[in-house]
Chemist: 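Provided herewith is a single structure, encoded as C-alpha cells, for subsequent inquiry.
Residues take their numbers from the sequence shown, with the count starting at 1.
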Amino acid sequence: MKNTFRTILLCTFLAIAHACRPGTEAELYVTTADQSMIFQQFTPASGQATNDNPIIQLNPRERYQTMDGFGAAMTGSSCYNLLRMTPENRAKLLQETFHPETGMGYSYIRISIGCSDFSLDEYTCCDQEGIENFVIHDYDKRDLLPILKEILAINPEIKILATPWTCPTWMKVNNLQDRQPFKSWTSGQLNPAYYQDYATYFVKYIQAMEREGIPIHAITIQNEPLNKGNSASLFMTWQEQRDFIKTALGPAFKKAGLNTQIIAYDHNYDYDAHKPECKDQIGYPAHLYTDADAARYITGTAYHAYGGDKEEMMRLHQAYPEKGLYFTEISIGLWGNGYTFADDLMWNMREVCIGTINRFCKAVIMWNFMLDEKHSPYRPGGCNICLGAIDIQSSDYATMTRNSHYYTMGHLSKVIKPGATRIGVTDIGIPGVYYSAFENPDGSLAVVLQNDTEQEQTITLRGKNRTLTYTHPPKSVASYRWR
C-alpha cells in the first residue's frame, strides 16, 4: 500500500512539474501561403523579451466584444456530400473540425430554413398552402438533421444560425402595389397579409428543430434581402423588414417564449446601392434601429463581403454600440483570376477574419463547408463555380482537398473559444502585420496574427507575466493560446 501511495504521489508531482514548466502551456499553429506549413503545431519560445523584437503587449483590462464563434455553412449540398462518405471517414473529419479540444473547435454553423442555392431542390417547410401544413422537409430530415446531430454529439455547445432563402411561394406577391400572386422561387416580395403566418413559420421551425434536439441560437430574417436573382430568393426592403419584425416576428417570438436571437439584414456592406431598386436601402440596419418598436427585438446585424468594405461594420458599431455584428457569408470560387490557396488565405484572414473582428464582429462564418469537385450539388441559377471549404471527389467520397477557408476558420476557432473577450493590444506599427488578442473564459490568452509581408517577422507577445517569441514566415498566419 505504501509503495502504491508513493507511486501515485510521484506521478502527481511529475505531472504538476511538467504542467508548470515554462512553455508547456503554450500552443502555436502556423499556416503559410505556400502551404509548406499547414496548421503546423509548434511550441513558441518562452522567456524575456529583447529590445531587438517588436513587442505586442496584451492588456486584458481593455475589453471589447464577446465572441460567439466561428465556422461554416452546413448547406443541403454539404450534408449530402458528407453522407456519401463512410461513417468512419465522416466521423474522423467531423471530429477534426468540431471537437473543442482535440479538433479545430469550429463553434458556429449556418443552415438554411428550407432550401438554399446549394440544395437538392427548391423547397420550404410549408409548400402546401396554409401554415397548418408546416413540416420539416424530407430532404432536411434525410440529410441535414443527421449531420447536425453527429456534430452536436461531438460539440454540444455549438451555435446554429438559421436563415431562409425564400418564404413559401404562396406567401409571395409580385410587388407591394399590385400584390398579385407570384408563384416563383426567384424574387417576389412577402405579402403583408401573411406577416403573421410567416412569423408563425419561424416559430414552428425553431420548435420543430428543438424537438429534434437541435437548438437554434439565432435566425436572420432573409438571406441577401436585396438580391432578387438567386435561385431561391425574396426581395425585402428595410421598410418591410422593420414592419415584419415589429408587428409579427418579434411579438410571435415573445409570445412563444423563444430565446432565439433575431439578427437583421444578412447581405453586403454596400447595400447593393448600384441597383436602381436599392438606392434607398443604404444604411439598411440603421433604419431598423431608429424604430424603437423594431429595434428592441433585434440582437444585431449580419454582413456579407461580396460588395463594399468592412469599415461599414465600424460605422454601424459607432452609431449603435449596443447592437452586435456578425459576418455570415463569403465564398471562394473560380471567378476573376481564379482561386489560389495563397491569395485567399491572405485576403480572407486580413479582410474577413482579423479585419471584421477588430471592427467589433462577434462571429465569422464561411460559405460552404463541403462541395464535390464539380462544385455540386447546386441549383440552376445559383453558383456553379463555387468551392467548398473542403472539396471531395465524387468518385470515392474519400479524397479531399481542404481549401483556405477551412484553415482560416480553424486558426480562429482553435484558440478563440466561445465567450472569449477581445482585449487591448499595442500597435507595433509594421505595415502588413495584422493581429487581434483575446481572453478566453478559462483565463487563457489567445492571439491570431497574420504576416502579410514578404519578410520574416520575429515578434514577441507579452501578457499575464509571460512572453512568447516566434519568427513568423513570410505570408503566414499564426494562432497562439497560453495559460
Chemist: Please name the pair of heavy atoms, one in Gly410 and one in Met104, separated by the smallest distance, quoted to 0.1 Å.
Modeler: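 Closest approach of Gly410 to Met104: CA-SD, 3.7 Å.
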Chemist: Which pair of non-hydrogen atoms, one from Asp178 and one from Asn175, has the smallest distance, and what is that distance?
Modeler: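 Minimum heavy-atom separation between Asp178 and Asn175: N-OD1, 2.6 Å.
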Chemist: Would you give the length of the straight line joining atom CD1 of Ile221 to atom CG of Leu234, rounded to the nearest 0.5 angstrom?
Modeler: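 If we round to the nearest 0.5 Å, Ile221:CD1 and Leu234:CG are 11.5 Å apart.
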Chemist: Any idea which heavy atoms bring Ile158 and Tyr106 closest together, and the distance?
Modeler: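 Looking at all heavy atoms of both residues, the closest pair is CD1-O, 3.5 Å.
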Chemist: Look up atom OG1 in Thr328 and atom NE2 in His267, then write down how far apart they are to the nearest 0.5 Å.
Modeler: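 Here the rounded value is 10.0 Å.
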Chemist: Does a side-chain N-to-carboxylate-O contact under 4.0 Å join Glu212 and Lys149?
Modeler: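 Salt bridge between Glu212 and Lys149, a charged N being under 4.0 Å from a carboxylate O: yes.
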Chemist: Can you confirm if the aromatic rings of Tyr201 and Tyr198 lie within a centre distance of less than 6.0 Å?
Modeler: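 Yes, the ring of Tyr198 comes within the 6.0 Å limit of the ring of Tyr201, centre to centre.
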Chemist: With a 4.0 Å cut-off on N to O distance, would you call Asp266 and Arg110 a salt bridge?
Modeler: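 Answer for the salt bridge query: yes.
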Chemist: Mind checking whether His304 and Phe327 have ring centres under 6.0 Å apart?
Modeler: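 Ring centroids of His304 and Phe327 are no less than 6.0 Å from each other.
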Chemist: Tell me whether the rings of Tyr303 and Tyr269 are parallel (<30°), tilted (30 to 60°) or perpendicular (>60°).
Modeler: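 Because their plane-to-plane angle lies in the 30° to 60° range, the rings of Tyr303 and Tyr269 count as tilted.
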Chemist: With side-chain hydrogen bond (donor to acceptor under 3.5 Å, both in side chains) as the test, would you mind laying out the steps for Thr408 and Asn348 before giving the verdict?
Modeler: CA-CA 7 Å; Thr408 54; Asn348 193 258; 3.1 Å; yes
Chemist: Is there side-chain contact between Asp117 and Tyr378, with at least one heavy-atom pair below 4.5 Å?
Modeler: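 Asp117 vs Tyr378: side chains apart.
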Chemist: So which heavy atom on Asn155 is nearest to which on Ser107, and how close?
Modeler: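 Closest approach of Asn155 to Ser107: ND2-CA, 4.4 Å.
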Chemist: Going by atom types alone, do Ser394 and Lys374 pair a side-chain donor with an acceptor below 3.5 Å?
Modeler: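 Their side chains do contain a donor-acceptor pair, which is all the 3.5 Å distance test asks for.
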Chemist: Give the C-alpha distance, both sets of side-chain angles, the deciding distance and a yes or no for side-chain hydrogen bond (donor to acceptor under 3.5 Å, both in side chains) between Thr97 and Tyr406.
Modeler: CA-CA 9 Å; Thr97 304; Tyr406 185 72; 2.9 Å; yes
Chemist: Going by distance alone, is a donor N or O of one side chain under 3.5 Å from an acceptor N or O of the other, for Glu240 and Gln189?
Modeler: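 Yes, a side-chain donor-acceptor pair sits under 3.5 Å.
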Chemist: Within this structure, what is the CD-CE distance for the pair Gln281 and Met236, rounded to the nearest 0.5 Å?
Modeler: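 With rounding to 0.5 Å, CD (Gln281) is 11.5 Å from CE (Met236).
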Chemist: Are Ile298 and Ile263 side-chain neighbours, meaning at least one heavy-atom pair lies under 4.5 Å?
Modeler: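 Contact flag for Ile298/Ile263 side chains = no.
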Chemist: Under the criterion side-chain hydrogen bond (donor to acceptor under 3.5 Å, both in side chains), I'd like the reasoning laid out for Tyr306 against Glu224: C-alpha separation, chi angles, the key distance, then a yes or no.
Modeler: CA-CA 11 Å; Tyr306 301 116; Glu224 298 186 351; 5.3 Å; no
Chemist: Determine the minimum heavy-atom distance between Val30 and Ala478, stating which atoms define it.
Modeler: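 Nearest pair, atom of Val30 first, then Ala478: CG2-CB, 4.3 Å.
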Chemist: Taking only residues at least two apart or on different chains, which pairs with a member in residues 65-92 satisfy side-chain hydrogen bond (donor to acceptor under 3.5 Å, both in side chains)?
Modeler: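 Of all non-adjacent pairs touching residues 65-92, those that pass side-chain hydrogen bond (donor to acceptor under 3.5 Å, both in side chains) are Gln65-Arg422, Thr75-Ser78, Ser78-Asn368, Thr86-Asn89, Arg90-Glu150.
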Chemist: For a quick test of reading the model, state the closest non-hydrogen atom pair linking Leu325 to Met313 and the distance between them.
Modeler: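 It is CD1-O, 3.4 Å.
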Chemist: Is Asp197 salt-bridged to Lys204, going by a charged N under 4.0 Å from an acidic O?
Modeler: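 Result for this pair is no, no salt bridge flagged.
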Chemist: For the residue pair Glu210 and Ile216, establish whether any side-chain heavy-atom pair is separated by less than 4.5 Å.
Modeler: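 SC-SC contact between Glu210 and Ile216 ruled out.
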Chemist: Can you confirm whether or not the ring centre of Tyr123 sits under 6.0 Å from the ring centre of Tyr139?
Modeler: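 Between Tyr139 and Tyr123, which both carry aromatic rings, the centre distance is below 6.0 Å.
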Chemist: Do the non-hydrogen side-chain atoms of Leu148 and Met209 ever get within less than 4.5 Å of each other?
Modeler: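 Sidechains of Met209 and Leu148: in contact.
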Chemist: When the ring planes of Phe39 and Tyr29 are compared, do they come out parallel, tilted or perpendicular, using 30° and 60° as the limits?
Modeler: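 If you compare the ring of Phe39 with that of Tyr29, the planes turn out parallel.
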Chemist: Is the ring centre of Phe70 less than 6.0 Å from the ring centre of Tyr108?
Modeler: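 Ring centroids of Phe70 and Tyr108 are no less than 6.0 Å from each other.
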Chemist: Got a second to check how far Ile151's CD1 is from Gln95's CD, nearest 0.5 Å?
Modeler: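 Output value for this atom pair is 11.0 Å.
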Chemist: Is there side-chain contact between His405 and Leu345, with heavy atoms separated by less than 4.5 Å?
Modeler: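 Answer no - side chains too far apart.
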Chemist: Are more than 12 heavy atoms from other residues, nucleotides or ligands located less than 6.0 Å from atom CD of Gln128?
Modeler: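 Counting neighbours around CD of Gln128, 12 or fewer heavy atoms of other residues, nucleotides or ligands fall under 6.0 Å, so no.
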Chemist: Is the distance between the ring centroids of Trp238 and Tyr271 under 6.0 Å?
Modeler: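 They do not qualify: ring centres at least 6.0 Å apart.
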Chemist: Distance check, rounded to the nearest 0.5 Å: Met346 atom CE versus Thr32 atom OG1?
Modeler: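 Spacing of CE (Met346) from OG1 (Thr32) equals 8.5 Å.
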Chemist: Answer yes or no: is there an ion pair linking Arg379 with Asp121, defined by an N-O contact shorter than 4.0 Å?
Modeler: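 Looking at Arg379 and Asp121, the cut-off is met.
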Chemist: Residues in ring-ring contact (aromatic ring centres under 6.0 Å, His included) with Phe235, at least two apart?
Modeler: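 With neighbours one apart ignored, the set is empty.
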Chemist: When rounded to the nearest 0.5 angstrom, what distance separates CG in Leu249 from CD1 in Ile262?
Modeler: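 Output value for this atom pair is 4.0 Å.
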Chemist: Have Thr31 and His411 got a donor and an acceptor in their side chains that come within less than 3.5 Å?
Modeler: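 Their side chains do contain a donor-acceptor pair, which is all the 3.5 Å distance test asks for.
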Chemist: Taking atom types as modelled, is there a side-chain donor on Gln239 or Thr237 under 3.5 Å from an acceptor on the other?
Modeler: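 Yes, because at least one side-chain N or O of Gln239 sits under 3.5 Å from a partner of the opposite role on Thr237.
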Chemist: Without hydrogens or angle criteria, can the side chains of Ser187 and Ser233 be said to hold a donor-acceptor pair below 3.5 Å?
Modeler: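 Judged by distance alone, the side chains do not pair up.
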Chemist: With the side chain counted from C-beta on, respond yes when Ile245 and Gln241 share a heavy-atom pair under 4.5 Å apart, and no when they do not.
Modeler: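 The answer is yes; the side chains approach within 4.5 Å.
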Chemist: Checking Lys246 against Asp291 for the salt bridge (Lys or Arg N to Asp or Glu O under 4.0 Å) test, could you report, in this order, the C-alpha distance in whole Å, the side-chain angles of both residues, the deciding distance, and whether it holds?
Modeler: CA-CA 9 Å; Lys246 72 179 184 179; Asp291 188 297; 2.9 Å; yes
Chemist: So, Asn440 and Ser444: side-chain donor and acceptor under 3.5 Å apart, yes or no?
Modeler: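 Yes.
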Chemist: Considering only heavy atoms from C-beta outward, does the side chain of Cys386 approach that of Phe118 to under 4.5 Å?
Modeler: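 They are in contact (side-chain heavy atoms under 4.5 Å apart), so the answer is yes.
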Chemist: Can you check side chain to side chain contact (heavy atoms under 4.5 Å, CB included) on Ile147 and Met74, steps first, answer last?
Modeler: CA-CA 9 Å; Ile147 291 299; Met74 280 293 169; 4.2 Å; yes
Chemist: Closer than 4.0 angstrom, basic N to acidic O: yes or no for Glu96 and Arg402?
Modeler: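 Result for this pair is yes, salt bridge flagged.
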Chemist: Where do Lys172 and Cys167 land on the side chain to side chain contact (heavy atoms under 4.5 Å, CB included) test, with the steps shown first?
Modeler: CA-CA 7 Å; Lys172 285 186 174 185; Cys167 64; 3.6 Å; yes
Chemist: Asn403 vs Asp391, test: side-chain hydrogen bond (donor to acceptor under 3.5 Å, both in side chains). Steps then yes/no.
Modeler: CA-CA 7 Å; Asn403 293 316; Asp391 288 329; 3.0 Å; yes
Chemist: Measure up the Tyr265 and Tyr284 rings against each other and bin them: parallel (under 30°), tilted (30 to 60°), perpendicular (over 60°).
Modeler: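 Answer is tilted, since the angle falls between 30° and 60°.
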Chemist: Consider only side-chain N and O atoms of Tyr289 and Thr301, and report whether a donor and an acceptor are under 3.5 Å apart.
Modeler: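 Indeed, the side chains of Tyr289 and Thr301 share at least one donor-acceptor pair under 3.5 Å.
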Chemist: Going by distance alone, is a donor N or O of one side chain under 3.5 Å from an acceptor N or O of the other, for Tyr339 and Ser404?
Modeler: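 Per modelled atom types, Tyr339 and Ser404 side chains form a pair under 3.5 Å.
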